[in-house]
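This report concerns only the one structure given below.
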There are 2 protein chains.
Amino acid sequence: MASIKDVASEAGLSVATVSRVLNDHPSVSEDARGRVLAAVQTLGYRPNAVARSLRTDQTRTLGLVISDVMNPYFTELARSVEEEARALGYSVIIGNADERPELQDHHVTTLLDRRIDGLLVSPTDGGSPRMLDAARAGTPMVFVDRWIPGVDVPVVRSDGQTAVRDLVAHLHRLGHRRLAIIAGPAATTTGRERVDAFRAALREHGLELPAAYIGQGDFQADSGRRVTEGFLDLAEPPEVVFAADNLMALGALDAVRARGLRVPDDIALAAFDDIPWFVHTDPPVTAIAQPTGALGRAAVRALVDRIEGRPGESVTLPARLVVRRSCGEPVPPQSPSPVRRSTP
Amino acid sequence: MASIKDVASEAGLSVATVSRVLNDHPSVSEDARGRVLAAVQTLGYRPNAVARSLRTDQTRTLGLVISDVMNPYFTELARSVEEEARALGYSVIIGNADERPELQDHHVTTLLDRRIDGLLVSPTDGGSPRMLDAARAGTPMVFVDRWIPGVDVPVVRSDGQTAVRDLVAHLHRLGHRRLAIIAGPAATTTGRERVDAFRAALREHGLELPAAYIGQGDFQADSGRRVTEGFLDLAEPPEVVFAADNLMALGALDAVRARGLRVPDDIALAAFDDIPWFVHTDPPVTAIAQPTGALGRAAVRALVDRIEGRPGESVTLPARLVVRRSCGEPVPPQSPSPVRRSTP
DNA sequence: CTGAAAGCGCTTACAG
DNA sequence: CTGAAAGCGCTTACAG
C-alpha cells in the first residue's frame, strides 16, 4: 500500500508538503497542490489513519459500550449515535456488553487501549473499576440511558416518571388493582427507577406494590418468561404485568401463551420501550416510548463537546405513554398510530 | 497516560525488555519479568494499541459492513460475528450501510484507512469501486449473506431455495394460486435469488409469476408498505404476499391493517427471515429461517483463515420453512415452536 | 538475557 | 512556500 513517501517521490516534493496539502494547510503553492493531488490519484493513495492517530494523539473515534445490541431500543440508540457522530466527523466503535459486567469491562479496556477520543456508556452494573478510573483520569465520557450516581459525568437519558404515572392512571381507570412489575437489575439506574416510579404512581391511587409482585429480571427475554411464570403461579396472580423493557415483555408474552392464556383477557401487559412490532402483536402492546433517536444524538453532542473542550451538559428528555390494547382498553378513538422507526 | 518508557524507567530496564515481557517473549529473566509487571501495576500501564498496530502492521480488527443494522436479521448476524471474532482475539468495527451504496462506500473507505486486518461485507449493491479495488489488491475479505458474482472472494451464505420450494408447496396445498412477491433490490444477490427461487417453485406447480405480482422493494419497511398497497389496488389482487425480508413483511402488515383487511382471511403473508416477534404477531407469521448465528461464525472463521494465510472457504447453509398461521393454515399439529434468539 | 537503535507512517515546529 | 528533522509509542533484528 502506497505511503506518503511514495506520493512525495511521485510528486517530486517532500513528505512535509504532501502532508500539508492533505491537511489543507494554507501555505502551499497551487503548483505543489496540483502535483500532490495528481500523485495521490495515480497511486490511489489513502493516508494511514493509524499513523496519523499516533502522531496527533486523536483517533476521531468514539466508543459506545451498550448493554445489549439485540434489544431494539439499543439498536436504534446505536444507530442514531453513529449517524450523529458521522455528521460531526467521528467514527464509532460499538462494544456489546450483553448485560454482562465482565464483557462490558472487556470492551471498555479494548476501547481505551485503542485510544478512542471519548466514551459513551450505558452501564450494565454499578461501574467497573476500569470505567471509573477512566472517568477520573479525565477521559471524555458521557452516560446514555443508564448512569452511575456519584460519578462526575454528564448523563443523557429519558425520564419515564410522568409516562409511568399516565400508565398507572390508565390501568386504574380500566379497573385493574393488582399490578405487578418485571424489574431490571437493581444494579442499573433504569432497573431501579422504573420500579420506584411504578410504586410511587400506585401509591397515588392508594395501591401497594407487594414484594411478590416485583419480579427480578435482567432486561432479557428469558427472565421475562421466568418471572411471568412465577406471577401466574401465585395464589392471587396480578391482573397486569408491566415489563421494564421490551425483551422482557416478549418473554412475558411467551409465558402467557405457553399456558394457553390470553392477553388482556386473562392478564394485561404493558412494556417500557416501544418498538414497531408492538403495533402488530396479538394484541397490540401498550408501551412507554422513549425519544430514542434524540437521546442518541444529544449524547454524541455532549460527548463531542467534552472532547473539544466545551462544557457538555446532561440532558433529560420525557418519555410518553402509547396506549394500545394489551391492557384491556377499548380501541382508542383516534386512528391507529402509524409504525415508525423512531419516536419523535 | 503512562507509556512504555515510563514503565521502563520505573522498572530500571530498557523499553525492549518491557516490550518483551508484555509480549511473552521467552528470553526474559524471572527477575526482569517481575519488575516489569510490578511497574505496570503501579503505573496502571496499558499498551497503546495504535502504536503497536503501526509497528506490527496489524490491527487485530475486522471490519463488518452490513446492509442495515436495524434489520433484526443483520443485528443478529453482527452479534454472532462479534462473538466469534472476540473468541479468536479480534475486535470488530461495524459500518451500517443502511442499504445506501454511498454510505457503504464511506464505511469501506474508513475501515480501510484504519487498516483493519480483514473485511466482512454484505454488499448493498453491485460493488463499489473502492471495495472491488480492495478485493483485487488482496485485502482479506469475505462476503456474508449477499455477494458479488465475478469477484474472487469466499462467500458465506444461506441457501433458501429448498425452503422457498417448501413454502410454495405449502401455499399451493392451502389452495392459493395467485402468489406475489415483494422483492429486494435487483442489485443484490438476495434480491434476485429469492425471486428466482420463488418463480422456479411456482413453475413446478404450473403457476406463473406475472410482472404485476413482482413488487420492487428495498428491504426496508416503507417499501413493503408501498408495494403491498399496489398489490391491493390491483383489479385481481394476489392471495398471498411473500416478503423477501422481515422488514418488508412489517410494512406489508402495516398496509393490510391500514385498509382494515385481515391476514390471512383477506390476504396471506409469508416472510423471508424469521424473528422472535413473528410468534406473537397477529397472526403468527410463517417464515423462512436462516441459521444466522452459524453464518456469522462461519464468515469470521473464513476471514480469519484468509488473514492468517490459510485458504478460507465458501460456506452455504440451508434455510428452513417455519409454518405458522399467516397463510391460512390450521395450527400445525405439533406444539408451538418456542421463541429463541438464534435459529439452530 | 539485555539494550541501543532503527523504523512503522505520519505531522509539525523550525529554518530558510 | 518548502524541506530536513524530530518524535508519537511501540517492536524487533542485531550485538553483546
Side-chain angles (χ1 to χ4, degrees), chain A residues 1-40 43-61 89 109-117 137, chain B residues 1-40 43-61 89 109-117 137:
Chain A
M1 198 160 263
S3 83
I4 196 172
K5 270 190 210 163
D6 301 316
V7 177
S9 63
E10 171 80 19
L13 290 163
S14 73
V15 296
T17 302
V18 174
S19 176
R20 288 200 191 89
V21 350
L22 260 22
N23 292 288
D24 283 317
H25 187 99
S27 48
V28 195
S29 68
E30 265 318 300
D31 171 62
R33 173 177 309 279
R35 278 153 65 196
V36 168
L37 263 20
V40 164
L43 295 177
Y45 170 75
R46 292 251 83 213
N48 182 328
V50 175
R52 178 178 286 178
S53 292
L54 179 60
R55 183 53 230 245
T56 61
D57 200 33
Q58 55 171 1
T59 51
R60 302 228 43 122
T61 301
T109 304
T110 304
L111 257 11
L112 256 20
D113 285 356
R114 282 161 185 280
R115 302 300 191 261
I116 42 113
D117 293 340
Chain B
M1 198 161 264
S3 82
I4 195 170
K5 271 190 207 163
D6 302 316
V7 177
S9 64
E10 170 81 19
L13 290 164
S14 72
V15 297
T17 302
V18 174
S19 176
R20 286 199 191 90
V21 348
L22 259 23
N23 292 288
D24 282 319
H25 188 99
S27 48
V28 195
S29 68
E30 265 319 301
D31 172 62
R33 171 177 310 279
R35 278 154 65 197
V36 168
L37 262 20
V40 164
L43 296 175
Y45 170 75
R46 291 251 83 212
N48 182 328
V50 175
R52 179 178 284 177
S53 291
L54 179 60
R55 182 53 230 242
T56 60
D57 200 34
Q58 54 172 3
T59 51
R60 301 227 47 121
T61 301
T109 303
T110 303
L111 259 9
L112 257 20
D113 285 355
R114 282 161 184 278
R115 303 300 191 263
I116 43 112
D117 293 340

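In what follows, chains are A, B, ... by sequence order, proteins preceding strands, each numbered from 1. Hydrogens, waters and symmetry mates play no part in the numbers below; they use all other heavy atoms, side chains included. These numbers come from a predicted model, not from an experiment.
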Between the base of C:dG3 and the side chain of B:Arg20, is there a donor and acceptor pair under 3.5 angstrom? yes
How far does CG of A:Asp113 sit from OG of B:Ser53, to the nearest 0.5 angstrom? 10.5 Å
Can you confirm whether A:Asp57 is buried at CG, in the sense that more than 12 heavy atoms of other residues, nucleotides or ligands lie under 6.0 Å from that atom? no
Out of C:dA4, D:dG9, C:dG9, whichever nucleotide has its closest atom nearest the side chain of A:Asn48: C:dG9
Per atom distances to the A:Val28 side chain, the nearest of C:dG9, C:dA6, D:dT2 is D:dT2
Rounded distance in Å - NE2 (B:His25) to C1' (D:dC10): 16 Å
Using only side-chain N and O atoms of B:Arg52, determine if any of them is under 4.0 Å from OP1 or OP2 of D:dT11. yes
Please classify the nucleic acid contact of B:Asn23 as base, sugar-phosphate, or nothing, using heavy-atom distances under 4.0 Å. sugar-phosphate
What's B:Ser19 touching, base or sugar-phosphate or nothing? Going by heavy atoms closer than 4.0 Å. base
Comparing nearest nucleotides in DNA chain C, the 5'-proximal residue of the pair B:Arg115, B:Glu30 is B:Glu30
Given atom NZ of A:Lys5 and atom P of C:dC10, what is their separation to the nearest angstrom? 10 Å
Expressed as a whole number of angstroms, how long is the span from B:Arg55:CZ to C:dC10:P? 16 Å
Whole angstroms only, please: what is the CG-P distance between A:Leu22 and C:dC10? 8 Å
Mind listing the closest non-hydrogen atom pair of A:Ile4 and A:Tyr45 along with its distance? N-CE1, 3.6 Å
For D:dG3 and A:Thr17 - does any side-chain N or O of the residue sit under 4.0 Å from the phosphate oxygens OP1/OP2? yes
Let me spell it out: for each of B:Ser14 and B:Leu54, pick the nucleotide of DNA chain C with the closest heavy atom. Which residue's pick is nearer the 5' end? B:Ser14
Do the side-chain N or O atoms of B:Ser29 get closer than 4.0 angstrom to the phosphate oxygens (OP1, OP2) of C:dC1? no
Return the nearest nucleotide to the side chain of B:Ala16; candidates are D:dT12, D:dA6, D:dG9. D:dT12
Rounded to whole Å, the CE-C1' distance (B:Met1 to D:dC10) equals 15 Å
What integer distance in Å separates B:Gln58:CD from C:dG9:P? 15 Å
I want to verify a distance call: between C:dG9, D:dG9, C:dT11, whose nearest atom is closest to the B:Ala51 side chain? D:dG9
To the nearest angstrom, how far is A:Asp6 atom CG from C:dC8 atom C1'? 13 Å
Roughly how far, to the nearest 0.5 Å, is the CZ atom of B:Arg35 from the CG atom of B:Leu13? 4.5 Å
D:dA13 pairs with, by Watson-Crick or G-U criteria that keep both distances under 3.5 Å: none
Between CZ of B:Arg60 and P of D:dT11 the distance, given in whole Å, is 14 Å
Nucleotide opposite C:dA4 in a Watson-Crick or G-U pair, distances under 3.5 Å: none
Please work out if A:Leu13 contacts a base, only the sugar-phosphate, or nothing of the nucleic acid, heavy-atom cut-off 4.0 Å. sugar-phosphate
Measuring from atom CZ of A:Arg33 to atom CZ of A:Arg20, what distance do you get when rounded to the nearest 0.5 angstrom? 12.0 Å
Among B:Ile116, B:Thr110, B:Thr109, which residue satisfies the side chain to side chain contact (heavy atoms under 4.5 Å, CB included) criterion with B:Leu112? B:Ile116
With respect to the phosphate group of C:dT2, does any side-chain polar atom (N or O) of B:Ser27 fall under 4.0 Å of OP1 or OP2? no
